[in-house]
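Labels below follow one simple rule: chain letters A, B, ... track the order of the sequence lines, proteins then strands, and each chain is numbered from 1.
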2 protein chains.
Amino acid sequence: MDTRTELLRQAEKLFAQRGYDAVGVQEIVDAASVTKPTLYHYFGSKRGLLETILGDEFHFFNQLLREAAYYQGDLPLTLRKIAIVFFEGARRNPVFFRLQLALWFAPRASEGFQVVEKYHREQFDLVEKVFTQAVVQHGNMRGKQRALAASFIGTLHHYVGLGLNDYATLDAQLVEQVIKQFQHGIYS
Amino acid sequence: MDTRTELLRQAEKLFAQRGYDAVGVQEIVDAASVTKPTLYHYFGSKRGLLETILGDEFHFFNQLLREAAYYQGDLPLTLRKIAIVFFEGARRNPVFFRLQLALWFAPRASEGFQVVEKYHREQFDLVEKVFTQAVVQHGNMRGKQRALAASFIGTLHHYVGLGLNDYATLDAQLVEQVIKQFQHGIYS
DNA sequence: CAAATACTATACCGATCGGTATAATGGCGG
DNA sequence: CCGCCATTATACCGATCGGTATAGTATTTG
C-alpha cells in the first residue's frame with residue numbers, strides 16, 4: 001500500500017467518523033503511519049486532502065449517475081435507475097456516503113460544504129435535465145423541474161441516511177416504494 | 001439585553017453559520033461583547049453552551065410537537081398537525097433549524113450529534129407512538145412503526161432543508177403534498 | 001557514474017484552541 | 001456600613017492547531 005492512498009483512506013475514515021473540523025492533521029498522519037511533510041507533499045493542505053478525497057469519490061459515483069440519468073423516454077425507469085445507483089453506492093461505500101451527507105448538511109459557510117457543493121450541483125443538474133426532457137410526455141411538470149429534482153435527490157438522501165443507520169434496508173423493494181411514492185407526488 | 005442571553009444568541013448564530021467545531025470560544029465572546037470568564041461562569045464549557053442552546057430550543061419545539069402528536073383516532077390529521085409544527089418552526093426560527101439539521105447529520109461520534117441525539121429521540125418516540133396507536137385502524141402498519149416514524153420525520157427534515165435553501169416553500173400546500181405522498185407510501 | 005527528482009523524517013513556527021487563577025466591581029440583605 | 005455573592009475583566013495556562021524549513025535517503029534519468 002503506497003503512503004498516498006493510505007493517507008486518503010485513513011483521512012476519509014476519520015472525517016466520516018468524527019467530522020472534518022474535529023480531526024487534526026497530526027491524527028491523520030499517525031493513523032497512516034507517516035509524518036506531516038508527507039501529507040503536505042501530496043496534498044498541499046488539509047483542505048487539499050479533503051478535495052482529493054471527494055474529487056476521487058465523486059468522479060466515480062457521478063459517472064455512474066450520469067449513465068443512469070441518460071433519459072430515453074421512460075421517466076419511471078430512469079428514476080428507478082438513479083435510485084439504484086444511490087442505494088448501491090451507499091451500500092458499497094458507506095464511509096464515503098456518511099462523509100458526503102454530513103458535509104452536505106453542514107453550514108453553507110463551512111469548508112466542507114463548499115467542497116462538496118459543486119459535486120452535488122453536478123448531480124442536481126443531471127437529475128434536473130431528466131425532468132426537463134420528460135416534460136414532453138409529462139406536461140404537468142413544466143416549470144417544476146428544479147423543485148422536482150431537489151425533492152427527488154433529497155428523498156434519496158433521506159433514505160440513504162436511514163439505511164446507513166439501520167432504519168431501512170436499501171434494497172430493490174425500497175427502490176420501488178420510493179419511485180411509486182414520488183410518482184404519486186408528481187401526478188397529483 | 002443581559003449578557004447570558006446575548007451569548008446564547010450569538011453562539012447559536014455562529015454555530016449555525018459556520019459549524020460548532022469551526023467557531024472558537026473567543027469569537028463567541030467577542031460577538032457578544034464580553035470576555036471568556038463570563039461565558040464559563042454561565043455555561044461551564046463550550047459544550048455546556050451548546051447544550052443550553054439546544055436544550056432551550058428543543059424544550060420549546062418538542063412541547064409543540066407533543067401537542068400536535070396527541071392522537072385522537074385520525075392519522076392523516078395528526079400527521080398534518082405534525083408537519084405544520086415542523087414547517088412553521090423552520091420558518092419562525094431558521095437559525096435553530098439549520099443548526100439542528102447540521103448536527104443531526106454530523107458524524108455519530110461528534111460532540112454536536114451526541115448533544116442533539118436525545119432530543120431527536122424524543123421526537124422519534126412521539127411520532128412512533130402515533131403510528132403504534134394508529135395500528136388499531138391501520139393494521140397493515142403493524143410492526144412497521146419504527147420504520148414509518150423514521151421515514152416520516154426524515155421526510156419532514158428533507159423538506160425543511162429544501163425550504164431553508166429556497167428549493168421549496170414551507171406552506172400549507174406543501175403540507176398537503178407531503179401528507180398525501182406519505183399516505184400513498186403507507187397504503188401500498 | 002553524476003545529477004536531478006521524488007519522497008519522507010526531525011524539529012520547529014506563530015496562532016489559536018478550550019479553559020482558568022486572580023482580582024476588581026457592583027448590588028443587595030443584615 | 002459591612003460582608004456576601006454574583007458577575008465580569010486582565011492575564012495567563014498547556015495543548016493542539018495547520019503548516020514549513022531543512023536535510024536526508026532513495027530512485028530514476030542523462
Taking only residues two or more places apart in sequence, or in another chain, which ones meet [X] in a side chain to side chain contact (heavy atoms under 4.5 Å, CB included)?
{"X": "B:Thr169", "value": "B:Asp171"}
{"X": "B:Ala32", "value": "B:Glu6, B:Leu7, B:Gln10, B:Val34"}
{"X": "A:Lys36", "value": "A:Val25, A:Gln26, A:Val29, A:Tyr40"}
{"X": "B:Ala149", "value": "B:Phe124, B:Val127, B:Glu128, B:Phe131"}

Run the ring pair (Phe, Tyr, Trp, His ring centres under 6.0 Å) test against A:Phe113 and tell me which residues pass, sequence neighbours left out. A:Trp104

Not counting sequence neighbours, which residues clear ring pair (Phe, Tyr, Trp, His ring centres under 6.0 Å) with B:Phe97? List them please. B:Phe61

Does a side chain donor of either B:Thr78 or B:Tyr70 reach within less than 3.5 Å of an acceptor in the other side chain? no

Kindly state which residues belonging to residues 38-56 of chain A come within less than 4.0 angstrom of DNA chain D, counting heavy atoms of the residue only, listed by number. A:Tyr40, A:Ser45, A:Lys46

Looking at DNA chain D, which of residues 14-34 of chain A put a heavy atom within less than 4.0 Å of it? A:Val23, A:Gly24, A:Val25

To the nearest Å, how far apart are B:Asp2 CG and C:dG26 C1'? 16 Å

Taking salt bridge (charged side-chain N to carboxylate O under 4.0 Å, His left out) as the test, write out the residues that go with A:Arg47, two or more places apart. A:Glu51

Can you list everything that forms a salt bridge (charged side-chain N to carboxylate O under 4.0 Å, His left out) with A:Glu27? Sequence neighbours excluded, please. A:Arg18

For B:Lys36 and B:Arg4, find the nucleotide of DNA chain D closest to each by heavy atoms; which residue's nucleotide sits nearer the 5' end? B:Arg4

Sequence neighbours left out, what passes side-chain hydrogen bond (donor to acceptor under 3.5 Å, both in side chains) with A:Glu12? Give chain and number order. none

Interface limits on DNA chain D, where chain A has a heavy atom under 4.0 Å of a nucleotide atom: D:dC17 to D:dA21

